[in-house]
Amino acid sequence: YGVIAITPAEPLIDRLGDVSEPAGLRAAYQLAAHGAAAVPALIAAMQGNDGESVDDARVFIDEGQHSEVEMVARNAAHALVATGEAAVPALVDCLKSAGPRVRKYCVFALGEIAGDDPAASAALVQGCGDADVYVRINAVEALGLKQATPEGVAALVKALSDSDDEVRFNAALALARV
């Protein structure tokens, strides 16, 4: 097992949207190896791939045929998760001005990052009431991965009455987890 050389960040950012999903993910994890220094570039990459969330399940299950639409944002989110707690402040800040696709991936990443940062929990609670259904779906699922707080539990209970059935399902599952 050889040592993997860390290449400069700029070419790696360009590879986040590679048509080969494994190549894009490899670039994401190589960027994560740069630690906190890569966070601004990863947030910028996500913001550059913002837009409406794709309302097509094939984005995730078609062996990549439609995945290119959100590939950069998704791969950047995975890199931010691998970066860890150093990415939390930037993700929370990004939520304030991002469009629906990036907000969806921000709350996903906040849920996957280990730890129970109060700012992350507050952002996830806020995400449970987002106008975009995919942000709400990811936010309620993410809250189920965190330490329970009174605000988080209240947001999940409220999500049980959401108009979307997947939000309600994920809220019930999250409540069972906490």
Side-chain angles (χ1 to χ4, degrees), residues 16-17 21 24-25 28 42-83 87-178:
L16 287 174
E21 187 174 17
L25 284 170
L42 290 164
I43 293 290
M46 284 178 63
Q47 290 171 325
N49 188 217
D50 208 348
E52 296 298 316
S53 293
V54 176
D55 189 15
D56 185 345
R58 293 176 297 172
V59 166
F60 303 106
I61 60 171
D62 74 343
E63 297 175 359
Q65 294 175 30
H66 288 79
S67 62
E68 73 280 354
V69 176
E70 295 188 357
M71 185 72 72
V72 172
R74 185 169 54 251
N75 287 344
H78 285 289
L80 290 161
V81 169
T83 301
V88 170
L91 286 163
V92 169
D93 190 52
C94 185
L95 279 168
K96 298 173 187 169
S97 61
R101 182 179 305 152
V102 169
R103 290 195 318 272
K104 170 179 74 175
Y105 286 112
C106 283
V107 296
F108 160 78
L110 288 169
E112 294 291 320
I113 292 172
D116 292 304
D117 185 308
S121 296
L124 293 174
V125 166
Q126 187 173 6
C128 290
D130 197 274
D132 185 81
V133 66
Y134 299 104
V135 175
R136 295 194 313 272
I137 289 168
N138 283 358
V140 297
E141 182 175 354
L143 275 176
L145 302 173
K146 298 295 178 186
Q147 181 70 33
T149 65
E151 299 82 10
V153 171
L156 292 172
V157 169
K158 184 175 180 182
L160 292 172
S161 299
D162 194 275
S163 61
D164 184 84
D165 61 342
E166 193 167 353
V167 173
R168 293 190 307 269
F169 174 83
N170 282 354
L173 183 59
L175 284 166
R177 286 181 178 148
V178 300

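Since this is a predicted model, take the numbers as computed values, not measurements. Below, all heavy atoms of this structure are taken into account, side chains as well, without hydrogens, waters or symmetry copies.
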With side chains defined as the heavy atoms from C-beta onward, is the minimum distance between L175 and L160 less than 4.5 Å? yes

Rounded distance [0.5 Å steps], NZ in K104 versus CG in L95: 13.5 Å

For residues 144-159, tabulate all N or O donor-acceptor pairs below 3.5 Å that involve a side-chain atom, not counting sequence neighbours.
residue, atom, partner, partner atom, Å
K146, NZ, L110, O, 3.1
K146, NZ, I113, O, 2.4
K146, NZ, G115, O, 2.9
T149, OG1, G152, N, 2.9

Expected output: side-chain N138 to main-chain V107 donor-acceptor under 3.5 Å: no

For S97 and Q47, which heavy atoms make the closest approach, and how far apart are they? OG-NE2, 4.3 Å

Minimum heavy-atom distance A109-A77, with the two atoms named: CB-O, 4.1 Å

When rounded to the nearest 0.5 angstrom, what distance separates CG in L25 from CZ in R74? 8.0 Å

The criterion is side chain to side chain donor-acceptor pair (under 3.5 Å); which residues satisfy it with D162, sequence neighbours excluded? R136

A side-chain contact here means heavy atoms from C-beta on lying under 4.5 Å apart; do L80 and Y105 qualify? no

CZ/R168 to OG/S163 distance, rounded to the nearest 0.5 angstrom? 7.5 Å

Show the nearest heavy-atom pair for residues N49 and R101, with the distance to one decimal. O-NH1, 2.7 Å

For A76 and L16, the nearest pair of non-hydrogen atoms, with its separation, is CB-CD1, 4.1 Å

Once rounded to the nearest 0.5 Å, what's the spacing between atom CZ of R103 and atom CG of D130? 4.0 Å

Decide side-chain contact (heavy atoms from CB on, under 4.5 Å) for E166 and Y134; before the verdict, give the C-alpha distance in whole Å, the side-chain angles of both, and the deciding distance to 0.1 Å. CA-CA 9 Å; E166 193 167 353; Y134 299 104; 5.6 Å; no

Would you say the side chain of V125 lies within less than 4.5 Å of the side chain of S121, judging by non-hydrogen atoms? no

Kindly compute the distance separating CG (N75) from CE (M46), expressed to the nearest 0.5 Å. 11.0 Å

Compare all side-chain heavy atoms of V102 with those of I43 and state whether any distance is below 4.5 angstrom. no

What heavy-atom pair brings V178 and L143 nearest, and what distance separates the two atoms? CG1-O, 3.8 Å

More than 12 non-hydrogen atoms from neighbouring residues, nucleotides or ligands closer than 6.0 Å to CD on E112, yes or no? yes

